[in-house]
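Below you'll find the structure I mean.
None of these values were measured; they are calculated from a predicted model. We count residues from 1, following the sequence as given. As a basis for the values below, the full set of heavy atoms in this structure was taken, side chains included, without hydrogen atoms, waters or symmetry mates.
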Amino acid sequence: MASRKLLLSLVCLVCCVSVIAEPQSPLQAPNAASPPVVSDYSVGTQSQPVSIIFDNKQTIVNPGESLNLDCGVSGDFRYCHWETGKQNAIQVQDVYDGYIEGLSKPQITKGNECGIVIDAVTIEDHGPWTCKVFVIGHTLQNSKNVTVTIKPTSPILEVARRPLIVTEGDTETISCSVAAARPRVQIHWFLGDEDITYSSRVENSLTDNMGTYKSISTLTHMFKAWHNKKPLHCIVSHYTLLSPIEDFVDVQVKYKPWGKDVRLYDIRLGDDVEAKVNFSSNPPPSDIKWGYAPSYEQVAAVLPVPGEEGRYSTEMLTLEDGSYSVILRVLGFDEMDARMSFHIKVANDIGARDFTINLSTDEAPNDQLADGYDNVATSDQIQSQEPLSSGTLAAIVVVVLLVILVLLCAVYMKYNHLYCFAEKKSAKEDREANGASDTESAQAPGFVDRNKLQATSLFGKLQNGLKKSKPDVATNGTNGTTVVPAAGVPAATEGQNGKSNDEVVYAELDLAPGDKKVPAADAPRVDPSTEGTEYAHIVGVLDNQEAKK
């Protein structure tokens with residue numbers, strides 16, 4: 001009995017030793033905390049290279065929009081998750097299995113094995129997002145910043161009063177601010193249609209640690225007379241806006257009288273002359289004087305407007321929109337007036353400006369206006385003195401090119417006789433008829449060229465007195481027609497080459513049937529009233545087309 005117990009003890013001891021001596025794998029360790037393995041993914045070896053596929057560029061998205069967070073792996077990996085710093089790690093496999101609300105699996109997973117989709121972005125999603133990929137032995141990761149936008153507040157122009165009143169030549173400083181926006185806004189300035197953003201600078205400052213900015217743009221600009229009554233715009237653009245938002249203020253510029261001198265040409269001696277000096281002024285003019293002298297340096301503007309001085313008189317007209325006119329009249333213009341310089345001085349609270357009027361009997365130069373006036377009438381015309389915009393210059397270039405193209409086309413069509421430049425059919429036929437008149441006279445005897453008839457009829461009368469011979473008779477045997485030349489005009493005969501001569505004849509056409517006998521050349525002329533025969537005097541030639549008819 002004792003030996004049996006000893007044998008069982010030895011067997012148990014051997015079994016225990018064999019169990020202790022057998023090596024165990026890490027996965028079989030009783031207390032090992034192994035991480036979860038993503039289903040359908042195989043565990044790689046340390047010798048196989050693994051890399052992460054990731055785009056770390058900043059992403060801007062509006063609240064409520066969906067956002068794809070892509071993260072791919074090249075090689076074998078164990079599992080992956082996302083971290084935001086505001087919540088627990090998001091397991092990618094839990095997202096794919098539908099366990100996390102608001103997140104879903106992307107449609108494309110090839111090269112995007114760890115990617116997820118945020119179905120509707122909220123403000124809380126703003127900030128960095130980090131993708132971590134776990135492989136045997138180490139971890140791969142990369143991050144990107146997600147900016148969830150905040151719509152900008154309305155821009156505000158910071159001005160002392162509306163409308164904005166400035167003085168010509170003074171430099172003004174004006175601010176436009178946006179209290180909050182994410183990301184920062186873009187601010188542009190426009191004065192009327194002119195972009196003056198180049199005269200501004202922008203300061204952006206964070207209002208919190210979440211990337212929200214306050215933006216202030218400061219404009220420093222010198223206003224001119226032609227800026228009067230133009231609106232000043234502060235225009236804000238932002239990622240969240242389909243169209244820009246703005247604030248604006250009307251600008252009133254105070255300036256001294258503004259206009260141009262007047263020159264009149266082609267004045268006839270003895271005429272009554274009227275010259276207008278057109279100008280604008282803000283505020284209105286407070287003092288207007290005029291004067292005249294043989295030279296500009298001697299002129300002293302001391303005479304009141306309106307007023308008269310001998311044959312000279314002046315008148316003041318108040319027009320619309322801050323525009324004015326001073327009219328100078330000269331009765332019985334003479335050579336002395338042509339040597340005079342007329343001076344008009346206009347002043348307001350801002351300053352004074354001098355204008356001159358020159359009257360001349362000389363011919364106007366090419367660079368002067370046809371009516372002789374060379375000054376500005378209204379504030380709109382003042383604005384027209386601004387430099388041409390790029391759009392206006394482009395339009396002028398296009399018009400010039402079109403005009404050149406039309407001229408080239410016209411020259412080409414005229415050279416090739418196309419369309420309206422083609423030779424008229426009737427003129428061509430007339431020329432062909434005139435060129436073939438000799439042939440036609442031979443083919444159609446009895447017809448006479450009316451133009452040649454008129455030219456030769458005068459010579460026929462002279463020949464009647466010199467030549468008393470009997471008239472020749474030309475007979476056409478095919479149609480029974482007898483041709484009798486007029487007195488003094490030889491009959492049309494055929495030459496040796498078979499063509500008819502160029503003489504012009506009068507013809508009598510026998511309208512009787514072909515079986516009538518033709519009278520001899522020296523037979524007495526038959527009375528036209530004889531029954532059965534009619535004679536007709538032909539006074540013209542039918543062309544080929546009419547002969548065919």
Side-chain angles (χ1 to χ4, degrees), residues 150-182 184-208 212-238 240-241 243-259 279-287 318-324 346-353 376 378-387 389:
I150 295 177
K151 191 174 183 179
T153 59
S154 299
I156 298 176
L157 273 172
E158 299 175 4
V159 293
R161 69 178 74 180
R162 293 176 184 251
L164 176 64
I165 300 177
V166 297
T167 301
E168 177 189 17
D170 290 350
T171 300
E172 300 290 336
T173 301
I174 306 161
S175 296
C176 179
S177 62
V178 177
R182 189 168 68 194
R184 67 189 67 180
V185 298
Q186 299 291 330
I187 301 178
H188 292 83
W189 293 86
F190 280 85
L191 184 55
D193 296 330
E194 179 186 1
D195 189 345
I196 57 173
T197 308
Y198 60 86
S199 299
S200 66
R201 58 183 179 86
V202 181
E203 294 182 359
N204 298 293
S205 58
L206 285 169
T207 60
D208 54 26
T212 304
Y213 287 89
K214 177 181 180 180
S215 300
I216 300 176
S217 178
T218 304
L219 175 71
T220 303
H221 192 69
M222 179 183 292
F223 292 88
K224 303 296 183 180
W226 55 80
H227 294 150
N228 187 40
K229 296 186 178 180
K230 285 188 175 182
L232 177 64
H233 297 266
C234 169
I235 300 177
V236 173
S237 302
H238 192 255
T240 61
L241 301 173
S243 59
I245 55 178
E246 66 173 320
D247 188 16
F248 71 94
V249 61
D250 291 329
V251 178
Q252 291 186 3
V253 182
K254 291 184 176 181
Y255 57 93
K256 62 183 180 180
W258 203 98
F279 66 92
S280 62
S281 176
N282 185 33
S286 56
D287 184 49
T318 300
L319 307 177
E320 297 179 354
D321 198 22
S323 298
Y324 307 88
V346 184
N348 63 6
D349 297 342
I350 307 301
R353 195 180 299 272
V376 177
T378 65
S379 59
D380 292 338
Q381 291 171 312
I382 291 177
Q383 296 173 8
S384 67
Q385 303 300 317
E386 301 177 57
S389 64

Non-hydrogen atoms of Ile245 and Ser154 that approach each other most closely: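 The pair with the smallest heavy-atom distance is CD1-CA, 4.3 Å.
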
Give, for atom OG of Ser280 and atom CG of Asn228, the distance between the pair rounded to the nearest 0.5 Å.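 Here the interatomic distance stands at 8.0 Å.
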
According to salt bridge (Lys or Arg N to Asp or Glu O under 4.0 Å), does anything in residues 160-181 pair up with another residue at least two apart or in another chain? List the pairs.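 Matches after skipping sequence neighbours: Arg162-Asp247.
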
Is a donor from one side chain sitting under 3.5 angstrom from an acceptor on the other, for Asp195 and Thr197?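 There is such a pair between these side chains.
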
Measure the shortest side-chain to side-chain distance between Val166 and His221 over non-hydrogen atoms and say whether it is less than 4.5 angstrom.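 They are not in side-chain contact.
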
Considering all heavy atoms, the nearest Thr207-Ala179 contact: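 Looking at all heavy atoms of both residues, the shortest contact is CG2-O, 4.2 Å.
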
Residue pair Thr173 / Thr218, side-chain heavy-atom distance below 4.5 Å: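 Yes, side chains in contact.
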
Heavy-atom pair with the smallest gap, counting every atom of His238 and Ile150: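 In this case the closest contact between His238 and Ile150 is CE1-O, 3.5 Å.
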
Show the nearest heavy-atom pair for residues Pro152 and Thr240, with the distance to one decimal.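 So the minimum-distance heavy-atom pair works out to CD-OG1, 3.3 Å.
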
Begin with the C-alpha distance, continue with both residues' side-chain angles, and end with the deciding distance and a verdict on side-chain contact (heavy atoms from CB on, under 4.5 Å) for Lys254 and Ile165. CA-CA 7 Å; Lys254 291 184 176 181; Ile165 300 177; 3.8 Å; yes

Side-chain donor or acceptor of Ser217 paired with backbone N/O of Ile187 under 3.5 Å: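 Checking the backbone N and O of Ile187 against the side chain of Ser217, no donor-acceptor pair under 3.5 Å is found.
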
Could you measure the distance from the CD atom of Glu246 to the SG atom of Cys176? Nearest 0.5 Å is fine.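 Reported value, rounded in 0.5 Å steps: 10.0 Å.
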
